[in-house]
Amino acid sequence: MNVHVADLDKAPTREDADAALAVLRRWATDVTAEEVATLDPLVSRLIPGQEVSNYPALARAYPDAFEVDDEYKASMPDLQNGPSSLIKGAKQQIQHVGISNFRLPIRFRTRDGDDIRLETSVTGSVSLDAEKKGINMSRIMRTFYKHAEETFSFDVIERALDAYKNDLESFDARIQMRFSFPMKVESLRSGLSGYQYYDIALELVESAGVRKKIMHLDYVYSSTCPCSLELSEHARQFRGQLATPHSQRSVARISVLLDEAGDCLWFEDLIDRARAAVSTETQVMVKREDEQAFAELNAANPIFVEDAVRLFTEQLQQDDRVSDFRVIASHQESLHSHDAVSVLTEGDTFASESLDPKLFSTLFHVG
């Protein structure tokens, strides 16, 4: 039996090229545009009807008059919705895929019944089945924009989540909206007032058919060290030595799961709970009498970081609208070059054995 082996070192002839081109064209007409693109996007130019007549002399001016019709759009490759054969890496389900920090002005309802428009950062994601290549990210934004002129509540967020979950054919989905909420507060003694800004986030999560509504609040306060306060007083009493206890700007991140059967928990309600727990909130408008009052207020309420999370917890436990919760406190020490931190959770929603390595650094607030 004679076996003919191609001479690989032999230069191909024109006949060889014609035969290879015929094979390539037959293959390209029977597969998807995505498969052609993964082999080589230039192959599409070899298919009859798709050639560029002046290639490689391509036009260099922007075609202002060019209009996209349905036929042209249908011809465009869409690799994200390609077949599973295009998946790179492990064919695993992805729990979160989407977009983060697209911003738009959103109206929110305040506790007194007014509307307020705030710049809002939105993160939207869905789960992705192991057999799907990817998602069209822009669909999340387009779906969300359809609701952008409404006054937002969790009901509106649910409608937005339903829409892009269905549009992307996903089984799980999430929306998080972050914004800075202004609230006018009065000074301690001078009668002045100014706006305090609170970082708030609303989160709607659907996983395995179960939905959870979560609110996050960052509350900034002053913490006076009880130990330092007592040592300072000891120096005054026993040695006649002037001493000052150390205080520092501190931050608590309060995250609460809202009870589905409960009434509305307004942003202002959660802020009021935080103030009731720790009254030494940082001040906005301050005259001398306010500064003195703030020193007295801190002396009357010295707290360790352990005290802080327990005080916030005590307030949250008294509110029927709150289910599971988590309190993270960071006292950014003026005595030490490190911070004092504490985490307290109640319920399964926020329980975790592992923490984000940079979690506590995100609690640093600048003026």
Is the count of non-hydrogen atoms from other residues, nucleotides or ligands lying under 6.0 Å from [X] atom [atom1] greater than 12?
X	atom1	value
Asp348	CG	no
Gln318	CD	yes
Phe171	CZ	yes
Glu291	CD	no
Asp70	CG	no
Tyr72	OH	no
Arg14	CZ	no
Asp320	CG	no

Given the rule that I, L, V, M, F, W and Y join up when any side-chain heavy atoms are under 4.5 Å apart, are [X] and [Y] in one cluster?
X	Y	result
Leu192	Leu297	no
Val220	Met285	no
Ile303	Phe360	no
Phe152	Ile116	yes
Leu118	Met215	yes

Give me the atom names and distance for the closest heavy-atom approach of [X] to [Y].
X	Y	answer
Glu169	Lys132	O-NZ, 3.0 Å
His246	Ser228	N-OG, 2.9 Å
Asp218	Tyr198	O-CD2, 4.2 Å
Ile140	Gly124	CD1-O, 3.5 Å
Ala130	Gln93	CB-N, 3.6 Å
Phe304	Cys225	CE2-SG, 4.0 Å

Do [X] and [Y] touch side chain to side chain, with heavy atoms closer than 4.5 Å?
X	Y	value
Arg103	Val122	no
Val284	Tyr195	no
Val126	Val97	yes
Leu217	Arg273	no
Asp172	Gln95	no
His216	Asp199	no
Gln176	Ile214	no

Start with the C-alpha gap between Ile254 and Phe325, add the side-chain angles, then the distance that decides, and say whether side chain to side chain contact (heavy atoms under 4.5 Å, CB included) holds. CA-CA 7 Å; Ile254 301 169; Phe325 61 82; 5.8 Å; no
If only atom types and distance count, is the side chain of [X] paired as donor or acceptor with the main-chain N or O of [Y] below 3.5 Å?
X	Y	value
Asp324	Thr349	yes
Asp319	Leu316	no
Asp269	Leu265	no
Glu268	Arg111	yes
Asn136	Ser138	no
Ser323	Leu257	no
Asp339	Val341	no
Gln248	Leu335	no
Gln332	Leu363	yes

How many angstroms lie between atom [atom1] of [X] and atom [atom2] of [Y], to the nearest 0.5 angstrom?
X	Y	atom1	atom2	value
Glu186	Asp290	CD	CG	10.5 Å
Lys213	Glu158	NZ	CD	4.0 Å
Lys165	Ser125	NZ	OG	12.5 Å
Ile157	Leu204	CD1	CG	6.5 Å
Met141	Ile99	CE	CD1	5.5 Å
Arg139	Leu168	CZ	CG	6.0 Å

Residues two or more places apart in sequence or in another chain: which of them pass salt bridge (Lys or Arg N to Asp or Glu O under 4.0 Å) with Arg275?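 Checked Arg275 against salt bridge (Lys or Arg N to Asp or Glu O under 4.0 Å); matches are Asp272, Glu281.
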Tell me if the aromatic rings of Phe179 and Phe267 count as close, with their centers under 6.0 Å from one another.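 Between Phe267 and Phe179, which both carry aromatic rings, the centre distance is below 6.0 Å.
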Would you please indicate yes or no on a ring centroid separation below 6.0 angstrom for Tyr221 and His331?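 Ring centres of Tyr221 and His331 closer than 6.0 Å.
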Quick one: do the [X] and [Y] side chains pair a donor with an acceptor below 3.5 Å?
X	Y	answer
Ser170	Ser127	yes
Thr280	Asn298	no
Ser352	Arg326	no

Are Arg211 and Phe154 close enough, and set up right, to give a side chain to side chain contact (heavy atoms under 4.5 Å, CB included), and what steps lead you there? CA-CA 11 Å; Arg211 287 192 174 176; Phe154 268 109; over 6 Å; no
List the steps and the verdict of ring pair (Phe, Tyr, Trp, His ring centres under 6.0 Å) for Phe181 and Phe108. CA-CA 10 Å; Phe181 182 74; Phe108 295 94; 8.2 Å; no
Applying side chain to side chain contact (heavy atoms under 4.5 Å, CB included), run through Phe294 and Val286 and close with a yes or a no. CA-CA 9 Å; Phe294 193 60; Val286 174; over 6 Å; no
Taking side chain to side chain donor-acceptor pair (under 3.5 Å) as the test, write out the residues that go with Glu15, two or more places apart.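 Only Thr13 meet the side chain to side chain donor-acceptor pair (under 3.5 Å) criterion with Glu15.
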Please state whether the rings of Tyr145 and Phe102 are parallel, tilted or perpendicular, taking 30° and 60° as the class boundaries.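 Answer is parallel, since the angle falls under 30°.
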Side chain to side chain contact (heavy atoms under 4.5 Å, CB included) between Ile271 and Gln196, intermediate numbers included: CA-CA 11 Å; Ile271 293 167; Gln196 189 80 274; over 6 Å; no
Among Arg159, Arg109, Arg107, which one satisfies salt bridge (charged side-chain N to carboxylate O under 4.0 Å, His left out) with Glu150?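 Exactly one option meets the salt bridge (charged side-chain N to carboxylate O under 4.0 Å, His left out) with Glu150, and it is Arg159.
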